[in-house]
Amino acid sequence: MNAWGSTVAARLRNIPARVKEVAAHGVYMGATTAIAVVSTMSGTDFRQWEPVFPEWGTAREDFDELVDDLRFIADAIVDDVSLDWVISNLFGEESD
């Protein structure tokens with residue numbers, strides 16, 4: 001996990017922060033890949049795109065349903081994003 005600290009106890013306390021960092025980096029890579037796919041397919045440049053997340057209610061339910069419907073596309077993106085690459089990129093080392 002490459003947790004930081006001068007003692008075993010300090011390293012153990014650092015593990016949750018490192019897990020969050022790895023997860024956030026993975027989500028970032030997945031999101032940027034998804035935006036690149038949509039941009040490529042639509043021919044629209046999304047570099048200046050401002051995401052909007054609907055408030056709770058019907059609009060949010062529709063949004064969540066769309067997210068659920070797109071899970072097959074998300075699976076393809078997950079297959080394209082190498083978890084080993086995410087981890088090694090984040091920690092600057094090869095992962096096992």
Side-chain angles (χ1 to χ4, degrees):
M1 179 50 63
N2 197 20
W4 298 318
S6 58
T7 66
V8 172
R11 289 181 183 142
L12 289 172
R13 283 192 298 271
N14 186 244
I15 288 174
R18 299 297 281 171
V19 168
K20 284 182 182 178
E21 193 175 358
V22 170
H25 191 71
V27 168
Y28 172 83
M29 290 305 303
T32 55
T33 302
I35 293 166
V37 167
V38 170
S39 183
T40 301
M41 291 177 70
S42 69
T44 304
D45 186 357
F46 286 111
R47 286 183 181 95
Q48 301 301 318
W49 183 49
E50 292 288 330
V52 176
F53 298 97
E55 296 292 324
W56 294 107
T58 304
R60 183 59 186 223
E61 290 172 8
D62 292 343
F63 179 82
D64 290 342
E65 184 177 329
L66 177 59
V67 169
D68 188 50
D69 289 346
L70 295 174
R71 71 183 176 279
F72 300 111
I73 297 168
D75 289 343
I77 291 168
V78 167
D79 290 342
D80 187 63
V81 175
S82 165
L83 296 180
D84 288 335
W85 180 87
V86 168
I87 293 168
S88 66
N89 184 288
L90 183 65
F91 294 125
E93 63 186 34
E94 293 294 320
S95 66
D96 295 341

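What you see is a predicted model; the values in this text were computed from it and never measured.
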Problem set entry | Nearest heavy-atom neighbours spanning Arg60 and Glu55 | CB-O, 2.9 Å
Exercise. Atom CD in Glu61, atom CG in Leu66: separation rounded to 0.5 Å?
Worked result: 14.0 Å
Exercise. Are Val38 and Leu70 connected in a single hydrophobic cluster, I mean Ile/Leu/Val/Met/Phe/Trp/Tyr linked by side-chain heavy atoms less than 4.5 Å apart?
Worked result: no
For this session: Output all residues satisfying side-chain hydrogen bond (donor to acceptor under 3.5 Å, both in side chains) with Asp75, sequence neighbours left out; order by chain, then residue number.
Result: none
For this session: State whether the number of non-hydrogen atoms from other residues, nucleotides or ligands found under 6.0 Å of Arg47 atom CZ is greater than 12.
Result: no
For this session: Answer yes or no: is there a donor N or O on one side and an acceptor on the other, between the side chain of Ser39 and the main chain of Ile35, under 3.5 Å?
Result: no
For this session: Sequence neighbours left out, what passes side-chain contact (heavy atoms from CB on, under 4.5 Å) with Asp62? Give chain and number order.
Result: Thr58
Exercise. Which pair of non-hydrogen atoms, one from Phe63 and one from Val52, has the smallest distance, and what is that distance?
Worked result: CE1-O, 4.3 Å
